[in-house]
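Take a look at the structure set out below.
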Number of protein chains: 2
Amino acid sequence: MAEDRRPYRRETQEHRREALITAALELMAEGGPQAATVRAIAARAGITAGLIRHYFQSKDDLTRAAYATLMERMTAESLAASCATDDPAAQLAAFVAASLRPPVMDGERVRLWAGFLHHVRRDPKMHAVHEATYLNYRDRLQALIQALPGKGDPAKARVLSIACNAVIDGLWMEGGTLSDSFAAGEMEQIGLSAIAAILNVPLPPPPPAPNSAEVP
Amino acid sequence: MAEDRRPYRRETQEHRREALITAALELMAEGGPQAATVRAIAARAGITAGLIRHYFQSKDDLTRAAYATLMERMTAESLAASCATDDPAAQLAAFVAASLRPPVMDGERVRLWAGFLHHVRRDPKMHAVHEATYLNYRDRLQALIQALPGKGDPAKARVLSIACNAVIDGLWMEGGTLSDSFAAGEMEQIGLSAIAAILNVPLPPPPPAPNSAEVP
DNA sequence: ATCCTTATTATACATTTGTATAATTAGCAG
DNA sequence: CTGCTAATTATACAAATGTATAATAAGGAT
């Protein structure tokens with residue numbers, strides 16, 4: 001009796017792990033942590049549930065990997081924007097603006113991040129990822145600030161970077177969760193003028209947000 | 001056969017609902033949303049699980065009530081601090097400082113708030129509570145700003161209140177999740193000087209944090 | 001005292017969840 | 001072509017979860 005068994009292809013470990021992480025993040029973003037069950041994740045990744053445990057020791061293990069991936073992605077996206085110019089003030093402005101518009105400032109991102117908070121508390125490994133990511137982001141911000149004329153003092157720059165980072169995070173959070181309450185581009189403007197005030201330094205207008213039209 | 005049944009006292013509806021809400025919030029704060037099961041909530045509230053559905057139509061219904069309670073409590077605590085003086089600048093300073101120290105700035109509070117975010121997205125009632133609470137808080141902040149000398153323009157005050165609110169929220173979030181990374185009182189100081197810079201107005205030092213020693 | 005309402009307990013149930021294990025087969029080595 | 005390894009499917013399972021309902025008794029009304 002040939003029972004019809006689901007056909008499949010063997011894939012590399014890297015491919016499968018990546019697909020599982022992507023599926024987990026998507027599901028968490030759409031329906032919250034409770035939506036990311038092993039079965040739902042497996043289905044979206046195109047495999048059956050049992051295979052998850054072949055690539056991750058447990059579901060928590062997969063969760064950790066997904067969190068690390070998310071945080072690395074967010075930092076990378078923000079950093080990329082500041083590389084287009086050599087002027088320190090313009091770099092800072094681009095960095096801030098990139099953090100306050102899509103895809104970084106986005107409701108799903110905020111909810112995704114929020115959904116991980118409790119895991120971060122409980123799991124030391126996730127706490128380490130959290131702290132490292134935050135400090136990495138803030139250090140980069142501090143470096144941009146120290147590069148400004150007259151802002152070379154590291155101790156002062158640290159305090160300023162904490163404040164500026166808070167402005168960015170707060171606006172990111174509010175813009176993501178209440179996007180209807182703000183006009184397009186309003187968060188970038190507010191963030192830039194607030195940071196210019198905190199630093200007591202003029203900031204040039206940031207590069208415009210890229211349209212959805214891309215090079216083919 | 002006298003089966004020994006758990007003894008109980010009848011309580012008022014208000015008492016029971018309050019106990020259930022408190023229990024749900026505590027459990028969510030300690031172990032995340034997943035820890036707040038109907039059985040765990042009932043146990044902490046001192047009743048059996050079945051009774052929850054006697055006071056709330058469903059678990060989601062209880063969750064809604066708990067969220068509303070949390071948000072109202074946080075706003076009230078922040079507002080209370082600003083009533084001790086008549087000077088607008090001092091009121092603002094007290095308001096900001098209260099938001100950036102315990103019990104408002106606290107890791108459990110942040111995680112609690114974060115745990116609700118996904119529910120807020122899905123449930124229109126919770127979204128309404130979220131928006132109302134945020135706007136209420138921000139309106140109060142805007143009122144404090146407009147009371148400052150030379151800051152009477154409502155349109156300008158709105159933008160300033162968004163920025164200041166972002167500073168507060170960002171510092172609240174970071175201070176709550178990474179409390180080890182900051183010295184005691186550091187967040188208040190940073191918040192106050194950042195807001196003073198954004199508003200371009202000097203702010204007096206806020207009232208000191210009340211010690212744990214209380215009037216007997 | 002007795003009855004009655006209903007708050008409360010206790011139990012049952014279907015579903016879902018993470019995990020574990022056996023059965024298959026894809027794809028490469030020989 | 002033939003085996004062999006392990007990637008993959010399929011199935012099973014115990015625990016947990018939200019919900020529903022029957023049994024009980026607390027406490028006021030009469």
Side-chain angles (χ1 to χ4, degrees), chain A residues 1-21 23-24 27-28 30-67 115-116 118-119 122-123 126, chain B residues 1-21 23-24 27-28 30-67 115-116 118-119 122-123 126:
Chain A
M1 310 308 171
E3 321 181 6
D4 32 18
R5 206 180 164 87
R6 173 192 181 130
Y8 62 92
R9 262 184 46 201
R10 291 190 168 196
E11 292 285 354
T12 67
Q13 171 161 336
E14 189 189 18
H15 186 320
R16 281 276 130 95
R17 286 177 63 97
E18 190 180 311
L20 286 169
I21 288 173
L27 286 165
M28 281 192 64
E30 294 168 11
Q34 46 175 330
T37 68
V38 289
R39 283 166 180 81
I41 294 170
R44 180 162 301 204
I47 59 177
T48 53
L51 197 52
I52 286 191
R53 308 263 346 267
H54 196 264
Y55 289 108
F56 294 93
Q57 209 166 9
S58 68
K59 193 199 172 183
D60 280 351
D61 197 29
L62 167 57
T63 304
R64 270 190 284 274
Y67 180 64
F116 279 110
H118 283 282
H119 295 273
R122 283 210 145 16
D123 187 342
M126 293 196 72
Chain B
M1 315 305 172
E3 322 181 6
D4 33 18
R5 206 180 163 87
R6 172 192 183 127
Y8 63 91
R9 262 183 47 200
R10 292 190 166 197
E11 292 286 352
T12 67
Q13 170 161 337
E14 189 189 16
H15 186 319
R16 281 276 128 96
R17 287 177 62 97
E18 191 180 310
L20 285 168
I21 289 172
L27 286 164
M28 280 192 64
E30 294 167 11
Q34 46 176 331
T37 69
V38 289
R39 284 167 179 80
I41 294 170
R44 181 162 299 204
I47 60 177
T48 53
L51 196 52
I52 285 191
R53 309 257 351 261
H54 196 264
Y55 288 107
F56 294 94
Q57 209 166 8
S58 67
K59 192 198 172 183
D60 281 350
D61 197 30
L62 168 56
T63 303
R64 271 190 284 272
Y67 180 65
F116 278 110
H118 282 282
H119 296 272
R122 285 211 145 14
D123 186 342
M126 293 196 72

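Proteins come first, then strands; the chains are lettered A, B, ... in the order of their sequence lines, and each starts at number 1.
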Using atom [atom1] of [X] as one end and atom [atom2] of [N] as the other, report the distance to the nearest whole Å.
| X | N | atom1 | atom2 | value |
| --- | --- | --- | --- | --- |
| B:Leu20 | C:dA7 | CG | P | 14 Å |
| A:Arg9 | C:dC28 | CZ | P | 11 Å |
| B:Ile41 | D:dT17 | CD1 | P | 11 Å |
| B:Leu27 | D:dT17 | CG | P | 11 Å |
| B:Arg5 | D:dA22 | CZ | P | 15 Å |
| A:Ile52 | C:dT21 | CD1 | C1' | 17 Å |
| A:Arg17 | D:dA7 | CZ | P | 13 Å |

Discussion item. Within a 6.0 Å radius of atom CD on B:Glu18, are there more than 12 heavy atoms belonging to other residues, nucleotides or ligands?
Written reply: no
Nearest atoms (heavy-atom pairs only) where [X] meets [Y]:
| X | Y | answer |
| --- | --- | --- |
| A:Arg6 | A:Gly46 | NH2-O, 3.0 Å |
| B:Met28 | B:Ala36 | CG-CB, 3.6 Å |
| B:His118 | A:Pro33 | CD2-CD, 3.6 Å |
| A:Phe56 | A:Leu20 | CE1-CD1, 3.8 Å |
| A:Ile21 | A:Ala66 | CG2-CA, 3.8 Å |
| B:Ala45 | B:Ala23 | N-CB, 4.0 Å |

Worksheet item: Looking at CG of A:Asp61 and CG of A:Asp123, how far apart are the two atoms once the value is rounded to the nearest 0.5 Å?
Response: 9.5 Å
Discussion item. Just verifying a value: how many Å separate A:Arg9 CZ and A:Ile47 CD1, rounded to the nearest 0.5 Å?
Written reply: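 These two atoms lie 14.0 Å from each other.
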Worksheet item: Under 4.0 angstrom, heavy atoms only, what part of the nucleic acid is B:Ile47 near: base, sugar-phosphate, or nothing?
Response: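 Answer is sugar-phosphate: B:Ile47 comes under 4.0 Å of backbone atoms only.
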Worksheet item: Contact class for B:Glu11 vs. all strands (heavy atom < 4.0 Å): base, sugar-phosphate, or nothing?
Response: sugar-phosphate
Item to complete: Return the nearest nucleotide to the side chain of A:Tyr8; candidates are C:dT25, C:dA10, C:dT8.
Response: C:dT25
Worksheet item: Side chain of A:Arg6: nearest nucleotide among C:dA10, D:dA7, D:dA10?
Response: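 Of the candidates, D:dA10 comes closest.
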Worksheet, complete the sentence: Taken in chain and number order and not counting sequence neighbours, the residues that satisfy side-chain hydrogen bond (donor to acceptor under 3.5 Å, both in side chains) with A:Gln34 are none
Worksheet item: Can you name the ring-ring contact (aromatic ring centres under 6.0 Å, His included) partners of A:Phe116, sequence neighbours left out?
Response: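 Scan of A:Phe116 (ring-ring contact (aromatic ring centres under 6.0 Å, His included), adjacent residues dropped) gives A:Tyr67.
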Discussion item. OP1 or OP2 of D:dT8 versus the side-chain N and O atoms of A:Tyr55: is any pair under 4.0 Å?
Written reply: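 Yes, within the criterion.
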Response to the item:
Under a 4.0 Å heavy-atom criterion, the protein footprint on nucleotides 13-19 of chain C, written with B, S and -, is ----BBB
Worksheet item: Using a 3.5 Å cut-off on both pairing distances, which stems of three or more Watson-Crick or G-U pairs include DNA chain C?
Response: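 So the stems come out as C:1-30 with D:1-30.
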Could you list all N or O pairs between the protein and nucleotides 2-6 of chain C that sit under 3.5 Å apart?
{"residue": "C:dT6", "atom": "O2", "partner": "B:Arg10", "partner atom": "NH2", "Å": "2.4"}

Worksheet entry | B:Arg10: partners by salt bridge (charged side-chain N to carboxylate O under 4.0 Å, His left out), with sequence neighbours left out | none
